[in-house]
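To keep things clear, I will list the structure first and then write my remarks on it.
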Amino acid sequence: MDTEAPHTQRGHSSPREGQGRPRSAFSRTAGGAPSEGPDPDRPSGRQLTWRRAGALGVICTVFLLLFSNFVVQPFLIPSHSMEPTLRVGDRVLVNKLAYRFGDQPRRGDLVVFDGTGSFVRERAGGSPVGELVQGAASALGLAEPSDTDFVKRVVGVGGDDVVCCDAGGRVSVNGVPLDEPYLYPGDAPSKVPFRIVVPLGTLWVMGDHRSQSRDSRDHLGEPGGGMVPVEKVIGRADWIGWPVSRWGAVGGGHG
């Protein structure tokens, strides 16, 4: 009699339904590719945001510097010499394209110019870094302009015969008395008598607040005779950009 019971097979059986498969070293995404954890060497989103903001700030600053150097520059008014037209703290926008394409300054224009050699003497150069920082800040209207930059009103252009004063106490140009409604209330057109013929290529300029302005009149006895070379004109002050309450165009007073 065969008493040997049948052997039971013991092999690797497949998992029963409901049991999970063993997990591998990498979990897989829906597409079958292993998903990796966060890379400690990769910049975080916050770092990227700060970097982008910094790069954007640099680009904007460079753009504004180029724009102010070639097109329109803010100019901070530092003194009372142009009141009431311009007040201390006003920021005027200087149009640097106004005279770049053949046009010339006209009587009544408000011009910003470099007074080196006409209003102030040539000076030895200072610290290059300090001048660079000062120049950038003034170009953006954040600091007072260089002490060689001035804003005045053109009273006479090349060839004009400018006289003060006529029988009515007025400044006259080529025998025609000027109507100057922009003068500071109570100021005389000039307490300093003068008669000059403006050389070609130069300008005779004066401030609107005549009693507080150092202008062409104060440099009559100096080299250049108080005349500003046209080539030293930086641009024309066309608008008041700040404060908001004073937004508007700055018009010329006479032609």
Side-chain angles (χ1 to χ4, degrees), residues 60-120 131-158 180 182-184 198 201-210 212-216 219 226-255:
C60 289
T61 301
V62 171
F63 172 78
L64 288 174
L65 287 173
L66 290 173
F67 188 78
S68 68
N69 192 47
F70 295 104
V71 184
V72 174
Q73 177 182 343
F75 185 90
L76 177 63
I77 301 301
S79 73
H80 299 273
S81 69
M82 287 301 297
E83 290 179 336
T85 308
L86 302 175
R87 301 175 185 171
V88 174
D90 282 353
R91 285 170 173 80
V92 295
L93 302 181
V94 180
N95 181 1
K96 291 191 169 184
L97 300 179
Y99 310 123
R100 190 160 292 180
F101 302 105
D103 201 4
Q104 294 291 310
R106 302 176 184 178
R107 302 183 202 98
D109 285 356
L110 298 186
V111 294
V112 174
F113 60 92
D114 177 6
T116 303
S118 57
F119 277 35
V120 294
E131 290 180 358
L132 180 63
V133 173
Q134 168 67 23
S138 62
L140 296 175
L142 302 176
E144 290 190 4
S146 166
D147 55 6
T148 62
D149 291 346
F150 300 85
V151 56
K152 302 293 178 187
R153 189 179 297 274
V154 177
V155 176
V157 298
E180 299 185 288
Y182 43 75
L183 290 183
Y184 190 83
V198 184
T202 66
L203 305 171
W204 176 269
V205 297
M206 300 170 73
D208 290 354
H209 196 171
R210 299 284 161 84
Q212 297 293 319
S213 175
R214 287 184 56 80
D215 46 45
S216 291
H219 302 281
M227 310 298 173
V228 177
V230 172
E231 64 188 20
K232 289 284 191 176
V233 174
I234 296 170
R236 185 178 64 209
D238 282 346
W239 311 278
I240 297 176
W242 188 264
V244 175
S245 60
R246 287 177 50 74
W247 273 358
V250 179
H254 46 84

Taking atom [atom1] of [X] and atom [atom2] of [Y], what is their separation to the nearest 0.5 Å?
| X | Y | atom1 | atom2 | answer |
| --- | --- | --- | --- | --- |
| Asn95 | Leu110 | CG | CG | 12.5 Å |
| Leu86 | Leu76 | CG | CG | 11.0 Å |
| Met82 | Arg153 | CE | CZ | 5.0 Å |
| Asp149 | Phe119 | CG | CZ | 12.0 Å |
| Ile240 | Arg91 | CD1 | CZ | 12.5 Å |

side-chain contact (heavy atoms from CB on, under 4.5 Å) between Ile234 and Phe75, intermediate numbers included: CA-CA 11 Å; Ile234 296 170; Phe75 185 90; over 6 Å; no
Donor-acceptor contact below 3.5 Å, side chain [X] vs main chain [Y]:
| X | Y | value |
| --- | --- | --- |
| Ser216 | Val205 | yes |
| His209 | Tyr184 | no |
| Arg107 | Val154 | no |

Atom of [X], atom of [Y] and distance for their closest heavy-atom approach:
| X | Y | value |
| --- | --- | --- |
| Val233 | Leu203 | CG2-CD1, 3.8 Å |
| Met206 | Asp215 | CA-OD2, 3.4 Å |
| Tyr182 | Arg210 | CE1-NH2, 3.9 Å |
| Gln212 | His80 | CB-O, 4.5 Å |
| Val151 | Ile77 | CG1-CD1, 3.9 Å |
| Val230 | Pro105 | CG1-CD, 4.0 Å |

Pairs meeting criterion salt bridge (Lys or Arg N to Asp or Glu O under 4.0 Å) with involvement of residues 79-90, two or more places apart: Asp90-Arg246
Heavy-atom side-chain contact between Gln73 and Val112 under 4.5 Å: no
Sub-4.5 Å side-chain heavy-atom contact between Val198 and Met227: yes
Heavy atoms of other groups near Trp239 CH2, more than 12 under 6.0 Å: yes
Residues in side chain to side chain donor-acceptor pair (under 3.5 Å) contact with Ser118, at least two apart in sequence or another chain: none
Ser81: side chain to side chain donor-acceptor pair (under 3.5 Å) partners, not counting sequence neighbours: Ser79, Lys152
